[in-house]
Amino acid sequence: MQITKRISSPKAWLAGTVLALSAAGMSPAMAQEGLGTPEEPIELRFLANESFAATWQKTLVPEFNKIYPNIHVSIDGVPYPEHLAKLMLDATSTSPDYDLLLVDDPWAPQMATIGALVDLKGPEMSAMTSDDYDWDDFHPAPLASGQWQDKQYAVPVRANMLLMLYNRSLYESAGVPEPTPELTWGTFFEQAPKLVQDTDGDGNVDAWAVHTFFTRDQLTPTIWQTIFNSNGGKLLDEDGKPAFNDEIGVAALDTQRRLLDYAPPGALGHGFSESLQTFRQGAAASMFMWGSVYKSTAGGSDATTLTEDEVGIQVMPVGSVSAGAHRGVWSLGINSKSEHPEAAWTFLQWMSSKEGEALNARVAGSFPSRLTTLNNPAEPWAEPLYKAIENAYDVANQGKMWRIRSPKSDAAQQILADEIARALAGQATSQEALDTAAKRMVRALR
Amino acid sequence: MSTDTARRPRRARTQWGDLAVRWSFMLPTIVLLIAVLAYPIWYTIEISFSSFDMMTFGAGEWIGWENYAYVIEDYRFWESLWVTLVYLVFALPIQIVLGFGIAYLINAEWGGRGLLRALFIIPMVVAPVVAGGIWRMLLDPIWGVVNWAFGLVGLGPFDWFGDPNLAMATIIIIDTWRWTPFIVLIATAALLALPRDVFEAAKIDGAGRWATLWSVALPLLAPIIAATFVIRWLGAVKMFDIVLASTLGGPGKATSVINLFIYEEAFRSLNFAESSAMAMIVLVLTMLLTGVFLIGSRKLEKMY
């Protein structure tokens with residue numbers, strides 16, 4: 001996609017001319033100021049998560065450079081536990097290294113509050129926005145991940161949702177009907193004992209009903225929260241005070257504890273990797289997990305024993321109000337101290353455009369956020385997945401199923417991680433754990 | 001002018017020159033220590049008495065003891081200190097006893113003991129993250145070889161990382177596997193340095209292996225055991241990596257040692273001011289206890 005700008009001001013008109021000239025291959029030095037020239041290319045640096053930084057560098061950047069050869073993009077990967085601290089450190093530096101900042105779902109408020117990100121819908125950036133850039137094509141759920149206080153600080157570039165993956169073979173061998181999006185928690189627990197089974201007939205149980213996050217980690221509370229939200233619970237009240245230590249919260253935590261009865265031995269010490277590994281080895285009939293693992297789990301890698309036909313995917317079971325889902329979207333923003341905002345926005349627009357997103361989905365397996373991409377999966381395997389994702393977006397949007405939106409969201413999430421882990425380990429009752437979390441969170445969110 | 005008066009300024013010049021040379025050798029180290037030790041400690045102290053300003057990512061307004069008061073009221077801080085204490089109380093004596101015991105046993109003359117000593121070094125050179133990962137695989141309740149082996153004799157399966165009580169034992173086992181060889185090396189060197197004549201005299205007097213150990217070797221080794229304890233204590237009190245790689249402090253808070261908790265407060269929750277206060281409290285406690293251990297160690301040296 002070639003970015004062509006809205007000509008609404010003299011500056012924008014000039015910029016539009018620049019791009020038009022660039023498209024025609026003329027590239028006059030004066031006109032190319034913001035987008036580089038062959039003699040003086042713009043160097044953009046992009047801080048991303050290590051899990052996919054190298055893939056983006058290898059697959060997306062060369063495609064971008066076919067259209068914008070004078071903008072060099074260098075993507076650095078950082079491990080998740082250090083990502084936020086590195087973002088904050090760079091953004092608050094007087095001479096930051098990075099022009100483009102990738103923020104996880106709960107981080108946009110804290111990055112915006114310290115003035116680290118540019119408002120992408122503000123007048124300055126709007127003047128540089130392509131006419132073709134279709135904001136309305138984004139599903140509101142992932143787009144909201146990059147918003148804070150009515151401003152758009154980042155755009156979704158790699159969406160994710162907590163979903164239910166299930167092993168069709170294990171459901172069949174247990175004689176249990178396959179789950180549907182209408183599956184309730186009640187039915188799930190009725191079926192669970194049958195799904196704990198001995199599949200090879202050696203007298204030992206070798207497959208369990210469910211696996212998910214149980215270890216002491218920031219992801220573990222997302223399972224509790226999804227159950228809580230699907231039963232109509234809200235994390236914070238109208239005044240922004242913790243409201244989760246009520247009957248609904250306690251019942252949701254009891255439900256997560258109950259999952260342990262049907263999970264493999266050692267599940268209490270298991271997180272993302274172990275639960276995924278168990279499911280991929282065909283030892284768990286269902287798994288509540290980030291949907292992005294679908295392709296590599298359903299026959300898409302050497303790490304799995306499951307085939308594409310064996311793996312089903314859908315929203316998490318239905319509570320008293322709705323089905324369950326939980327948003328986890330990576331959004332990309334522009335550093336407010338970047339010396340190249342125009343080039344950075346050009347790259348970001350390209351990456352999140354209809355064409356860029358489709359390419360990102362196809363070559364890097366990123367979940368799309370645009371309705372156009374969701375409704376036009378490039379490959380057959382993506383059809384059930386995109387259907388589940390869109391359904392999950394709707395559910396999440398309706399039940400506000402995301403982590404706390406606050407400049408202190410990570411501190412709040414760590415408190416939940418501590419207390420949910422204590423309850424799951426039997427070191428506190430569900431009520432005690434949630435009461436303690438609520439008390440501590442009042443100070444954390446101050 | 002007498003020869004003496006001529007020599008005096010020259011001697012003074014030589015002394016000053018000597019001093020200057022000595023300081024010039026020490027200066028790079030002093031600068032390095034100030035840069036990597038004194039400045040970070042001072043900065044941590046400054047942050048611990050301030051609010052943390054996210055806009056500048058540095059110390060903000062001076063708030064006195066507020067962060068310390070918050071930390072002291074935080075039950076998680078005390079729980080983590082308790083967990084660390086439990087770990088230290090079990091891990092250190094086990095490692096010291098095992099280390100010196102193994103060293104005593106392999107000290108006897110036999111072929112291949114050099115190779116065995118070399119093999120003992122392996123756990124020490126394995127990266128903690130790798131060690132944690134390997135042990136996670138070995139102790140996995142479903143696929144782990146350890147539970148399979150126990151199963152052969154009708155024991156288990158044990159939930160090594162999922163049972164809150166067993167998880168701490170697991171951490172101690174991994175840490176012992178990793179650090180006992182270090183103590184074996186020190187103890188072996190110490191045993192080789194012991195005076196042979198005392199042992200020969202004990203043998204002539206008819207002392208058996210056990211009596212020789214109890215009445216000769218141990219008293220002679222006491223100062224070294226004490227010094228080894230202090231060295232290992234300083235390493236063990238920093239326990240962090242194995243826990244991070246294997247249990248993440250769980251299940252619940254069962255293995256949440258203090259350094260992991262401080263790390264999480266700082267880099268996960270971005271509570272840098274509070275975590276600095278915690279770090280300072282732990283630093284002071286560690287210095288006090290190290291002082292006590294050093295005094296004890298000196299007393300043992302004098303006693304034997």
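Just so we're on the same page: letters track the sequence lines, and every chain starts at 1. Every heavy atom of this structure was used, including side-chain atoms; hydrogens, water molecules and symmetry mates were not. In this text the structure is predicted, and so the values were computed from the model without any measurement.
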Inset, instruction - Mind checking ring pair (Phe, Tyr, Trp, His ring centres under 6.0 Å) for B:Phe57 and listing every partner two or more places apart, or none if nothing turns up? - result: B:Phe52, B:Phe272
Legend entry - Heavy-atom closest contact (B:Ile242 atom, B:Gly132 atom, distance): CD1-N, 4.5 Å
Legend entry - Heavy-atom side-chain contact between B:Ser48 and B:Tyr68 under 4.5 Å: yes
Legend entry - Spatial distance of atom CG (B:Leu166) from atom CD1 (B:Ile171) [nearest 0.5 Å]: 11.0 Å
Inset, instruction - Please report the closest heavy-atom contact between B:Leu88 and B:Trp233, naming both atoms and the distance. - result: CD1-CZ3, 3.5 Å
Inset, instruction - Return the option, out of A:Ala417, A:Ala267, A:Ala412, A:Ala411, with the maximum number of heavy-atom pairs under 4.5 Å with chain B. - result: A:Ala411
Inset, instruction - Determine the option with the most heavy-atom pairs under 4.5 angstrom with chain B, choosing from A:Ala91, A:Ala283, A:Gly269, A:Ala428. - result: A:Gly269
Legend entry - Check: B:Thr180 and B:Ile102 side chains under 4.5 Å, non-hydrogen atoms: yes
Legend entry - Per-residue contact mode, B:Ala254 against chain A (heavy atom under 4.5 angstrom): both
Inset, instruction - Compare every heavy atom of B:Ala91 with every heavy atom of B:Asp175, then report the nearest pair and how far apart it is. - result: OD2-CB, 4.3 Å
Legend entry - chain A contact via B:Leu248 - side chain, backbone, both or neither, heavy atoms under 4.5 Å: both
Legend entry - Closest approach of B:Ser50 to B:Ala59 (non-hydrogen atoms, all atoms of both residues): OG-CB, 3.8 Å
Inset, instruction - Over all heavy atoms of both residues, which pair between B:Thr176 and B:Pro181 is shortest? Give the atoms and the distance, please. - result: O-CD, 4.2 Å
Legend entry - Residue A:Leu89 versus chain B: region with a heavy atom under 4.5 Å: both
Legend entry - Among B:Gly162, B:Pro251, B:Gly252, B:Ala167, residue most engaged with chain A (heavy-atom pairs, under 4.5 Å): B:Gly252
Legend entry - Under 4.5 Å from any heavy atom of chain A - which part of B:Leu244: neither
Could you list each N or O donor-acceptor pair linking chain B to chain A at a distance under 3.5 Å?
from     : atom 1 : to       : atom 2 : distance (Å)
B:Tyr70  : OH     : A:Arg440 : NH2    : 2.7
B:Asp74  : OD1    : A:Arg440 : NH1    : 3.2
B:Asp74  : OD2    : A:Arg440 : NH2    : 3.0
B:Tyr75  : OH     : A:Glu419 : OE1    : 3.3
B:Tyr75  : OH     : A:Glu419 : OE2    : 2.3
B:Tyr75  : OH     : A:Arg422 : NE     : 3.2
B:Arg76  : NH1    : A:Asp418 : OD2    : 2.8
B:Arg136 : NE     : A:Glu274 : OE2    : 3.2
B:Arg136 : NH2    : A:Gly269 : O      : 2.9
B:Arg136 : NH2    : A:Glu274 : OE2    : 3.1
B:Asp159 : OD2    : A:Gly266 : N      : 3.4
B:Leu248 : O      : A:Arg216 : NH1    : 2.8
B:Lys253 : N      : A:Gln427 : OE1    : 2.8
B:Tyr263 : OH     : A:Glu82  : OE2    : 3.4
B:Glu264 : OE1    : A:Arg216 : NH1    : 3.3
B:Glu264 : OE1    : A:Arg216 : NH2    : 2.7
B:Glu264 : OE2    : A:Arg216 : NH1    : 3.1
B:Glu274 : OE2    : A:Arg443 : NH1    : 3.1

